Amino acid sequence: MSSAVSTEPLLHRSFREISRPRFRSSTLRPSPPPASLSCAPKSPSFRHARRRCASGSGPRRGGWGGSGGGAALLRARASSSGAAVVEALESADVLFQEAFPLQRTETAEGKIFVRLDQGKDGQNWQLTVGCTLAGKWILHWGISHVDDVGSEWDQPPAEMRPPGSIPIKDYAIETPLQKSSTSMDGDEVYEVNISIKSNSNIAAINFVLKDEESGSWYQHRGRDFKVPLMDSLQDDSNIVGSKRGFDLWPGALGQLSNILLKGEASDYKDKDASTDLEASKQEVRCLEGFYVEQPIVKVVSIRNSVNISVKICPKTAKTLVYLETDLPRDVIVHWGVCRDDSKKWEIPAAPYPPETEIFKNKALRTLLQPKEQGNGFWGSFALDEEFVGFLFVLKLKEEDVWLNCMGEDFYIPVSSTRSSSLLRQKESDSTETSGKTMETNTEVSSTEYTDDIINEIRNLVSDISSEKSRKTKTKEAQESILQEIEKLAAEAYSIFRSSLPTFSAEAVLEQEVLEPSPYICSATGTGFEILCQGFNWESNKSGRWYKELMEKASQLASLGFTVVWLPPPTDSVSPEGYMPRDLYNLNSRYGTIDELKDLVKKFHEVNIRVLGDVVLNHRCAQYQNQNGIWNIFGGRLNWDDRAVVADDPHFQGRGNKSSGDNFHAAPNIDHSQDFVRKDLKEWLHWLRREIGYDGWRLDFVRGFWGGYVKDYLDASEPYFAVGEYWDSLSYTYGEMDHNQDAHRQRIIDWINATNGTAGAFDVTTKGILHAALERCEYWRLSDQKGKPPGVVGWWPSRAATFIENHDTGSTQGHWRFPSGKEMQGYAYILTHPGTPAVFYDHIFSHYQSEIGSLISIRNRNKIHCRSTIKITKAERDVYAAIIDDKVAMKIGPGYYEPQSGPQNWSPVLEGRDYKVWETS
């Protein structure tokens, strides 16, 4: 929810430089049978729309020991030919047969073109906007008039609107592109034509292009396309077309000349008249046609399949597994076998199929053979009867593209006593995961994690026990440190207990009643969480967001996300959900309650935890009191005006004074009332039980005391909780101060008030990144003590770092991250301690592969919320740091290379003004 508005300039992303249409392979992911991709129109509520693109997935980590690595492979002894196996398959009875649908993505590169032509009558003109990639394209456009001030859009007159146009609010039009009868370089063309009268006073046409299928928005150099029709407009980087082609035409000259001459008469009346005339003179030239192209990237979904057959060879009694797929390029099967339902990987005895290698003595890798017809690949595997399962994942040979089964290894039952129903057992088992601890994608050493906690305890103990600390710190501050030490110790003990071997109750004492272990609410999950914001400001527009997001669950899991933050689920006065009304009515603009349950279940199936966005600060009333004030609530929680704070002048509450800042758009709830807290705790508990939420994103927590938050979290026992505490940073004469300690202290104070049961979004770090990247002042990223200058530098385990969200970016754009520098921001937060959060619009964009690579680096090196950091350089044009002595990184245009010493550094990722190294 929007809780603060910044005057930061509105900036946008830029396109990648590409040429003509072609396809590049991206990544693979398995999928259920194809679902509908149609979307209801979604329009931006701001003038400048965003674009989003989809991409694919990666391998499962864990079961087969990180087979994506570059370890040496040993050549295995292969059988001379697969012909005998194929012959045996043809003569044996089929025990198991299944076809699995696969979905992979490829990046299509094409172009947007803009053309201005003179009409047949020689007077009017025609603007054509088109695209060379297939899809449901929508032109979102408006106009600017001669006397307009600023960048606002207006709707064009009715005679300009092509057939099928739909008005969007009061400022824009959406027109579908139609398939053209002509082609361009052999590619299909989709275009729309707009007629322009030469006697109008339209100064420019503004537009963005929208892909209705994916919801992606395409712009010009990160901003709206602008086609100026008069040279009254100042030069602008987003102008489309040659400058010579946009001159005054006679129909608008009179109006514009009058405007210009009036201004000049007042500004220059004391100057030489002839100089004034020359300075103000406008050339009268005819409008000229033009043609320009803009590169475009779109991720398209391509469906394939893999077919498995299992038979018993009548001659050898061996189990024969036959695999074939229609994937278009060389495919490697990374495989093994298991002896029981534990699905523990083993390497069977030789002989093996041709082109087979041994990987780390844990698995085998076989290059599939091309089919004779040339359409796909196949392989056959002979197994001894002692094995009950065949385990595998697929990899495209020349690319780092993996395919698994919903985040798990493919498991094929090969015993004659099993049936294909075992494959689907995982689906029924997954319904039980909402109340259990799910595995994360990254296997973590509990010893290493507890060592980090112990080190943090030692630092806190040293701090509180020092003589200087005893003299300077207040009693309350010392008690706060002691409480943090206690929580860390409890957390470490909980991890230690969970790592001990377990025994059945019968083996200890059959009648013994065991006491339940105390619940530890650490607010940070395992410490290795990577958070995805699963929506933007426009997500409610389609009315089926839950269904759309469900189709992306497996892809998000494969990218490495462990937690997803969903939009507010309740009935709301505003469609975005941040003006809640009936808290128990979960049918919203995002979908129905049943669709929400299905979505949460789907995320649990792919081992992603789910955060609900809960608005506890305020609530919209459903009835008026006797004075006509809206402060009487309906629904199951039918509170009266005692639930509203007394010091909000707009809603005449009869409660106590507010414990925080008032949000004046709706009645602020008085959390000091026992009945309010009781009802909210029951509601949160109901959401956990009924929907399956694992934790909370807490909206506008500046509005009420953090101690109440602790009460709510103790009652609902979330796995993860994070609050939005957003206020302004410190500025002097419009320039951001270097020292932002006061700002981050306010966030720390709120976390302290919750007793550390919740983390908070690190707004301080976001603001400092803005100033550092916009002004090339990377020295800002180190505080006076050489530590990170945000919350992550003081309390990293409670800092949720981010660079953009639905308020700061999307179509609201209250505080947009510096355009074109987003990947520098992600290179910072995804390599540093804290819990990083990635915005939906950035995940489904051309940044996806780079973000995925950074997440892989974080997971591979087990960077977590308490990782250690050493800032090695913080100068005008470069910032560099080493994290956990495993990862080195730098951002900024300046030079930096980590010094060789005990570690040998190898570069693993490099992008625009950022670079990352690992110890080799």
Side-chain angles (χ1 to χ4, degrees), residues 11 13-17 70 221-222 237 735-740 762 764-790 792-793 796 801 803-804 817-834 836 838 842 846-847 849-858 860-861 863 867-920:
L11 297 171
R13 297 189 294 271
S14 59
F15 280 97
R16 296 173 47 214
E17 292 299 322
R221 298 173 182 170
S237 61
E735 182 173 336
M736 181 181 290
D737 296 341
H738 179 209
N739 188 331
Q740 295 293 335
D762 193 347
T764 315
T765 291
K766 173 178 168 63
I768 293 171
L769 281 170
H770 274 244
L773 274 58
E774 282 177 336
R775 303 165 61 92
C776 199
E777 295 174 347
Y778 290 84
W779 48 265
R780 291 181 177 273
L781 294 172
S782 177
D783 68 9
Q784 289 83 348
K785 295 183 179 180
K787 293 184 177 182
V792 72
T801 52
I803 69 168
E804 207 79 289
F817 200 77
S819 177
K821 303 179 187 295
E822 289 86 354
M823 284 313 305
Q824 289 189 64
Y826 283 121
Y828 182 93
I829 69 172
L830 286 170
T831 59
H832 279 49
V838 184
H842 294 161
H846 62 285
Y847 296 132
S849 61
E850 293 176 90
I851 291 172
S853 297
L854 286 168
I855 293 175
S856 295
I857 293 169
R858 185 180 185 90
R860 187 161 62 241
N861 291 278
I863 297 173
S867 287
T868 60
I869 179 171
K870 177 183 178 183
I871 297 175
T872 55
K873 202 169 189 179
E875 299 177 357
R876 182 187 63 82
D877 61 350
V878 65
Y879 165 87
I882 295 176
I883 301 89
D884 283 346
D885 291 325
K886 298 177 182 178
V887 173
M889 60 79 66
K890 78 98 178 178
I891 58 175
Y895 174 80
Y896 173 79
E897 291 283 338
Q899 295 182 354
S900 296
Q903 304 103 336
N904 292 319
W905 297 101
S906 300
V908 290
L909 183 63
E910 185 172 3
R912 181 180 175 184
D913 290 336
Y914 77 90
K915 194 171 183 179
V916 183
W917 298 259
E918 289 179 331
T919 53
S920 46

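The structure displayed is predicted, hence computed values, not measured ones.
Contact of the L773 side chain with the F817 side chain is registered, since non-hydrogen atoms from C-beta on lie closer than 4.5 Å. Within the 4.5 Å cutoff, the side chain of L854 has heavy atoms near those of the L909 side chain. Looking at heavy atoms from C-beta onward, M823 lies in side-chain contact with I851 at the 4.5 angstrom threshold.
Summarising the geometry, atom CG belonging to D885 is positioned 10.5 Å from atom OG belonging to S867; distances are rounded to the nearest 0.5 Å. I869 contributes atom CD1, which lies 3.0 Å from atom NE2 of H832 (distance to the nearest 0.5 angstrom). If you take CG on N861 and OG1 on T919, they are separated by 6.5 Å, rounding to the nearest 0.5 Å. Remark: T831 OG1 to K886 NZ distance equals 14.0 Å, nearest 0.5 Å. Atom OG in S853 sits 8.5 Å away from atom CZ in R860 (nearest 0.5 Å). In this structure, CG in D877 is found 11.5 Å from CD in E777, a value given to the nearest 0.5 Å.
Of all heavy-atom pairs spanning A827 and Y914, the tightest one is CB-CD1, 3.8 Å. Here the closest heavy-atom approach between residue I863 and residue D884 is recorded as CA-OD2, 4.2 Å. I803 approaches L769 most closely through the heavy-atom pair CG2-CD1, 4.4 Å. Nearest heavy atoms, Y778 versus Q824: OH-OE1, 2.7 Å. The two residues R858 and G834 come nearest to each other via the heavy atoms NH2-O, 2.8 Å. Taking each heavy atom of M736 and G767 in turn, the nearest pair found is CE-O, 3.2 Å.
Around NZ of K873, the count of heavy atoms belonging to other residues, nucleotides or ligands within 6.0 Å exceeds 12.
Side-chain atoms of Q740 do not come within 3.5 Å of backbone N or O of P789 as any donor-acceptor pair. Of the possible donor and acceptor atoms, none in the side chain of D737 sits under 3.5 Å from a partner among the backbone N and O of N739. Between the side chain of D762 and the main chain of V792, a donor-acceptor pair closer than 3.5 Å is present. For the pair R780 (side chain) and A772 (backbone), a donor-acceptor distance under 3.5 Å is absent.
There is a side-chain donor-acceptor pair under 3.5 Å between E822 and Y847.
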* To do: Before giving the answer on side-chain contact (heavy atoms from CB on, under 4.5 Å), spell out for K766 and E804 the whole-Å C-alpha distance, their side-chain angles and the decisive distance to 0.1 Å.
  => CA-CA 8 Å; K766 173 178 168 63; E804 207 79 289; 3.1 Å; yes
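Below 30°, between 30° and 60°, or above 60°: for Y826 and H842 the angle between ring planes is above 60°, a perpendicular geometry.
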Scan the side chains in residues 889-902 for donor-acceptor partners under 3.5 Å anywhere in the protein, sequence neighbours excluded, and list what turns up.
| unit_1 | atom_1 | unit_2 | atom_2 | d |
| --- | --- | --- | --- | --- |
| K890 | NZ | G892 | O | 2.6 |
| K890 | NZ | G894 | O | 2.9 |
| Y896 | OH | T872 | OG1 | 3.1 |
| E897 | OE1 | W917 | NE1 | 3.4 |
| E897 | OE2 | K915 | NZ | 3.3 |

